[in-house]
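Keep in mind that the numbers below use all heavy atoms, side chains included, and drop hydrogens, waters and symmetry copies.
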Amino acid sequence: METILRYVIAIGGIVTLMMTWVWVQSVWRKTFSENISDEDVLAERRSCGSCGCTKVCKKEKVI
């Protein structure tokens with residue numbers, strides 16, 4: 001019985017993490033809806049310089 005409970009907790013934890021990630025993506029999509037062109041809404045923000053602006057950063061990408 002104790003082993004089954006551990007599996008249920010583990011599966012529940014994974015499902016909770018997945019649902020939390022879906023929620024984060026949906027909130028991010030609503031917040032930056034005018035600047036999103038990718039299916040993964042956080043992909044556009046990976047080179048953000050934390051400047052505090054609400055637009056897509058126009059900084060040059062370092063090669």
Does anything in residues 10-25 form a salt bridge (charged side-chain N to carboxylate O under 4.0 Å, His left out)? List the pairs, not counting sequence neighbours. none
Other than I9, what residues sit in its cluster of Ile, Leu, Val, Met, Phe, Trp and Tyr side chains whose heavy atoms are under 4.5 Å apart, directly or through others? L5
Test question: given the 4.5 Å side-chain rule for I, L, V, M, F, W and Y, name all other residues clustered with M18, or answer none. I14
For residues 6-15, which residue pairs qualify under side chain to side chain donor-acceptor pair (under 3.5 Å), counting only residues two or more places apart or in two chains? E2-R6
